Amino acid sequence: MTHTEIRKKFLDFFEKKGHTIVPSSSLLPDDPSVLFTTAGMQQFKPYYTGEADPMKDFGSLNTVSIQKSMRTSDIDEIGDESHLTFFEMLGNFSFGLKPNGSAKGGPSTLFKTSYFKKEAIEYAHKFITNEMGLTISHVSVFKGSSSTHSTKPQGGEPVESTSSGQATVPKDEESKKIWQSLGVSDIREEGMEDVFWGPTGNSGPCGPTTEIYCKNTQGQDVEIWNIVFNEFFCNGSREQLLSNKTKLTPLEKNGIDTGMGLERLVMIAQNTKSIFETALFSPILNLIPIEDTRIKRIITDHSRAIAFLITDGVRPSNKEQGYILRRLMRRVITYGQIHKMDLTIMHDIFAKIHEIYSPIYHDLDRNLIIHEFDNEKEKFEKTLKSGLKELAKIPVFDASGTFKIYESFGLPYEIIKELGGEKAKNLNREDFDKEFKKHQELSRAGIEKKFGGHGLLLDTGELKAADEQELKTVTKLHTATHMLQAALRKVLDGEVKQAGSDITAERLRFDFTFPRKMTNEEIKQVEDLINEAIKKDLPVTFKEMPLEEAQKSGALFFSKQKYPPVVKVYTVGPDPSTSSGPPFSRELCGGPHVTHTGEIGQFKIIREEAVSSGIRRVRAILKE
Ligand code: GLY
């Protein structure tokens with residue numbers, strides 16, 4: 001059975017049972033509390049809580065989808081038989097809410113009838129055994145747990161509470177009976193960790209689950225389908241839920257959310273030893289001229305994720321989704337380099353991914369994917385060799401040393417861990433992530449580099465700040481300094497060039513080449529230009545590029561400063577590559593900067609004076 005046949009079978013099966021087919025949503029969800037869409041239910045979250053009306057949006061209380069999903073939690077497992085970053089998830093959903101009186105129903109009453117445990121389990125059983133012709137090896141059901149609940153539910157049945165005020169999520173006897181009635185005898189009881197789904201993100205619907213397992217060719221049980229009974233709303237994250245730090249409240253109406261990994265189902269249906277031998281993967285994997293099976297699998301997995309992330313608009317960067325994409329790309333590039341694989345083979349790999357998936361995902365753009373990959377490759381290859389050399393010199397790998405290698409050379413954690421071998425045996429992802437988070441928090445607050453050993457929170461030479469508050473102020477003044485240079489160049493005749501800059505929490509000081517005193521009129525014009533741009537709340541963005549390219553691009557740079565081989569170019573105002581007009585300012589710079597000029601406040605020049613012959617100095621402040 002091909003993946004195309006399985007897709008069709010699944011959608012048809014549930015459509016006949018009153019489900020509206022809903023296309024996959026993007027890998028980047030609307031929900032800002034999660035980085036990626038990790039399951040089919042992500043796009044349906046508001047339908048469980050009653051915030052959105054399924055009858056109005058889908059003409060049904062039930063939907064079915066095949067959802068593009070991305071999970072980075074399994075990244076260290078990739079290379080085994082069945083784990084992936086990017087995968088597709090088959091799912092059927094039922095929202096349990098009463099149809100809205102005014103909404104038009106579907107073609108049959110089935111569309112207006114939601115369902116719960118009985119139908120959900122019977123449908124899944126029928127699909128696996130009848131439609132797919134597979135045997136269920138065992139199932140799991142929820143064994144019950146004590147967990148903190150609200151004892152005053154907003155809706156639904158009140159939950160039993162213990163004397164301590166805690167309430168229990170009861171054992172799922174009902175599902176057990178349903179499975180037994182269907183002739184499934186191997187029913188295993190599991191707890192919160194394994195058979196309680198959700199919530200995704202900061203809060204959301206969640207509930208106990210029942211999972212279906214089938215045997216692979218080696219006789220091992222593989223989980224293929226997870227059926228979630230959404231009975232609760234959790235006010236916190238899953239992590240908080242598992243550590244009893246948040247409450248569960250029963251939902252007004254029960255809902256069904258199921259997820260079945262397409263790739264795993266294809267593996268079982270095609271009787272292959274691993275997902276990588278299925279027709280979904282082997283045409284990609286076979287293109288990779290490397291002996292090591294694990295690395296071939298990692299490159300295959302990462303290439304698919306790269307292709308789909310780029311298609312959904314992610315670009316490599318140092319933050320959030322872009323950081324994940326960059327890591328995936330760099331891992332592929334590093335393996336390529338270590339195993340002497342000509343990386344132009346990636347063009348064929350992306351072409352193959354396009355060939356397999358473009359009939360389903362029409363927006364996959366092969367050329368765009370190749371272009372973005374090659375771009376990253378070009379940038380990264382410059383530092384990769386030196387990074388590998390540096391790595392070889394380190395005697396023992398700890399988290400902070402490893403993070404420095406990542407930061408200076410961009411080598412991803414996975415590579416450092418792997419290449420470090422014995423020397424990296426005590427290095428773990430958790431510690432590395434902690435270092436990363438620490439760094440991100442600092443850089444979110446505005447710090448890019450150079451932590452002085454003298455009590456200052458930030459000291460880049462140009463910018464100094466003692467605490468978080470000062471950091472905010474100097475960040476604003478820093479962007480204002482870029483705008484000042486741009487405005488001076490617009491207002492004054494002659495070649496205005498930066499001669500120095502110094503920023504404290506009180507003021508900015510900017511020195512520049514100019515032969516005479518500025519007139520009051522000129523000072524006012526400079527202030528007005530800057531304040532108008534502040535009012536427009538222009539975006540402040542940056543791009544990384546090789547130094548030479550940045551200098552050629554017309555961006556301003558300070559001739560006295562030594563820049564690294566790859567630099568950031570900060571732009572205030574629209575990017576010239578996407579807009580017809582020039583930006584307000586473009587400068588090579590390490591940051592930090594505000595994200596929008598509106599954050600700066602009012603700009604005021606308080607002094608203009610001579611420093612030496614031909615060099616002027618301006619001091620300026622910001623007002624709220
Ligand atoms: N939302 C159920 C699952 O992804 O397993």
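Owing to the predicted nature of the structure, the values given are computational and were not obtained by experimental measurement.
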Exercise for the section: May I ask you to decide if P29's main-chain N or O and S26's side chain share a donor-acceptor pair within less than 3.5 Å? Expected result: no
Problem - Heavy-atom check, side chain of W197 versus side chain of D257, under 4.5 Å - result: yes
Practice task
For T37 and A39, indicate whether the former's side chain and the latter's backbone hold a donor-acceptor pair under 3.5 Å.
Solution key: no
Practice task
Begin from the C-alpha positions of Y406 and Y413 and carry the test ring-ring contact (aromatic ring centres under 6.0 Å, His included) through to its verdict.
Solution key: CA-CA 7 Å; Y406 160 72; Y413 165 84; 10.0 Å; no
Problem - Polar contact flag, side-chain donor to acceptor under 3.5 angstrom, Q67-S69 - result: no
Exercise for the section: May I ask you to decide if K352's main-chain N or O and Y357's side chain share a donor-acceptor pair within less than 3.5 Å? Expected result: no
Exercise for the section: Side-chain contact test, heavy atoms from C-beta onward, threshold under 4.5 Å: evaluate it for M267 versus K273 and give yes or no. Expected result: no
Problem - Exam field: side chain S203 to backbone P199, donor-acceptor pair closer than 3.5 Å - result: no
Exercise for the section: With rounding to the nearest 0.5 Å, note down the distance linking CZ in F196 to CG in L248. Expected result: 5.0 Å
Exercise for the section: Give a yes-or-no answer on whether the side chains of T334 and Q337 include a donor-acceptor pair shorter than 3.5 Å. Expected result: no
Handout entry: Presence of salt bridge, K118 and E122, under 4.0 angstrom
Key = yes
Handout entry: Enclosure of D292 CG (heavy-atom neighbours >12, cutoff 6.0 Å)
Key = yes
Problem - Distance (rounded to the nearest 0.5 Å) between M70 CE and Q321 CD - result: 10.0 Å
Completion exercise
Tightest non-hydrogen contact, residues D363 and T311, listed as O-CG2, 3.5 Å
Practice task
Over all heavy atoms of both residues, which pair between M132 and A269 is shortest? Give the atoms and the distance, please.
Solution key: CE-CB, 3.8 Å
Exercise for the section: Look at atom CD of Q218 and say whether more than 12 heavy atoms of other residues, nucleotides or ligands are closer to it than 6.0 Å. Expected result: yes
Completion exercise
To the nearest 0.5 Å, atom OG of S185 lies from atom CD1 of I136 at 11.0 Å
Handout entry: Ion pair E376/R326, N-O distance below 4.0 Å
Key = yes
Handout entry: Test item: I227 and E211 side chains (from C-beta on) under 4.5 Å apart, heavy atoms
Key = no
Problem - Geometric class of the Y47/F95 ring pair [parallel <30°, tilted 30-60°, perpendicular >60°] - result: tilted
Practice task
Give a yes or no on whether the backbone of I310 and the side-chain of R315 come within a donor-acceptor separation of less than 3.5 Å.
Solution key: yes
Practice task
Quick one: closest heavy-atom pair of I187 and K176, and the distance?
Solution key: CD1-O, 3.7 Å
Problem - Trace of the ring-ring contact (aromatic ring centres under 6.0 Å, His included) decision for Y48 with F233 - result: CA-CA 9 Å; Y48 293 104; F233 185 84; over 10 Å; no
Exercise for the section: Return yes if a side-chain donor-acceptor contact under 3.5 Å exists between S237 and N202, otherwise no. Expected result: no
Exercise for the section: Find out whether V139 and Y213 are in side-chain contact, i.e. whether some heavy atom of one side chain is under 4.5 Å from a heavy atom of the other. Expected result: no
Exercise for the section: For the pair N375 (side chain) and E378 (backbone), establish whether a donor and an acceptor sit closer than 3.5 Å, ignoring hydrogens and angles. Expected result: no
Exercise for the section: Report yes if the side chains of T63 and P54 come closer than 4.5 Å at any heavy-atom pair, otherwise no. Expected result: no
Handout entry: Distance in Å, I284 CD1 paired with F276 CZ, rounded so as to fall on 0.5 Å steps
Key = 9.5 Å
Exercise for the section: Output yes when a side-chain donor or acceptor of H83 lies under 3.5 Å from a complementary backbone atom of G79, and no otherwise. Expected result: no
Exercise for the section: Assess whether atom CD of E131 is packed by more than 12 heavy atoms of other residues, nucleotides or ligands within 6.0 Å. Expected result: yes
Exercise for the section: Check whether any side-chain N or O of R330 sits under 3.5 Å from a backbone N or O of G410 as a donor-acceptor pair, and report yes or no. Expected result: yes
Practice task
Measure the shortest side-chain to side-chain distance between I415 and Y335 over non-hydrogen atoms and say whether it is less than 4.5 angstrom.
Solution key: yes
Exercise for the section: Please determine if K143 and E190 form a salt bridge, counting it only when a charged side-chain N lies under 4.0 Å from a carboxylate O. Expected result: no
Practice task
Decide yes or no for I78 and T85: does some side-chain heavy atom of the first lie under 4.5 Å from some side-chain heavy atom of the second?
Solution key: yes
Exercise for the section: Give the C-alpha distance, both sets of side-chain angles, the deciding distance and a yes or no for salt bridge (charged side-chain N to carboxylate O under 4.0 Å, His left out) between K171 and E189. Expected result: CA-CA 9 Å; K171 182 171 165 176; E189 292 176 3; 3.1 Å; yes
Practice task
Considering non-hydrogen atoms only, spot the tightest contact between C206 and G198 and give its length.
Solution key: CB-C, 3.8 Å
Handout entry: Basic-acidic side-chain contact under 4.0 Å: D172, K117
Key = yes
Exercise for the section: Could you tell me if the ring centre of F10 sits under 6.0 Å from that of F14? Expected result: yes
Exercise for the section: Salt-bridge test for E414 and R327: reply yes if a basic N is under 4.0 Å from a carboxylate O, no otherwise. Expected result: yes
Handout entry: Salt-bridge contact R366-E355 (side-chain N to carboxylate O under 4.0 Å)
Key = no
Handout entry: Ion pair check, R294 and E418, cut-off under 4.0 Å
Key = yes
Practice task
State, without any angle test, whether N130 and H125 hold a side-chain donor-acceptor pair at a distance under 3.5 Å.
Solution key: no
Exercise for the section: Decide, yes or no, whether a salt bridge links E88 with R7 under the criterion of side-chain N to carboxylate O below 4.0 Å. Expected result: yes
Practice task
Please determine if R238 and E193 form a salt bridge, counting it only when a charged side-chain N lies under 4.0 Å from a carboxylate O.
Solution key: no
Handout entry: Trace of the salt bridge (charged side-chain N to carboxylate O under 4.0 Å, His left out) decision for R304 with E263
Key = CA-CA 12 Å; R304 290 169 16 119; E263 293 81 357; 3.0 Å; yes
Problem - Ring-face cation contact, F13 with K17, 6.0 Å cut, 45° max - result: yes
Practice task
Please report the C-alpha distance between I349 and F373 in whole Å, then the side-chain angles of each, then the deciding distance to 0.1 Å, and finally whether the side chain to side chain contact (heavy atoms under 4.5 Å, CB included) criterion is met.
Solution key: CA-CA 12 Å; I349 289 175; F373 182 83; over 6 Å; no
Exercise for the section: Show the numbers, then the answer: is there a side chain to side chain contact (heavy atoms under 4.5 Å, CB included) between F232 and T249? Expected result: CA-CA 5 Å; F232 300 103; T249 313; over 6 Å; no
Completion exercise
Separation between CE (M41) and OG (S65), nearest 0.5 Å, reads 11.5 Å
Handout entry: Check: S94 side chain, Y115 main-chain N or O, donor-acceptor pair, under 3.5 Å
Key = yes
Practice task
Indicate the atoms forming the closest heavy-atom contact of N318 with F436, along with that distance.
Solution key: O-CZ, 4.2 Å
Handout entry: Residue pair S137 / D221, side-chain donor-acceptor N/O under 3.5 Å
Key = yes
Handout entry: T49 backbone acceptor or donor facing E252 side chain under 3.5 Å
Key = no
Handout entry: Aromatic ring proximity F44/F58, centre distance under 6.0 Å
Key = yes
Handout entry: Carboxylate-amine/guanidinium proximity below 4.0 Å for D312 and K68
Key = yes
Exercise for the section: Kindly indicate, with the supporting measurements, whether the criterion side-chain hydrogen bond (donor to acceptor under 3.5 Å, both in side chains) is fulfilled by D374 and H347. Expected result: CA-CA 9 Å; D374 283 354; H347 296 192; 2.8 Å; yes
Problem - Heavy-atom side-chain proximity of F281 to L84 below 4.5 angstrom - result: yes
Exercise for the section: Over all heavy atoms of both residues, which pair between C214 and T135 is shortest? Give the atoms and the distance, please. Expected result: SG-O, 3.4 Å
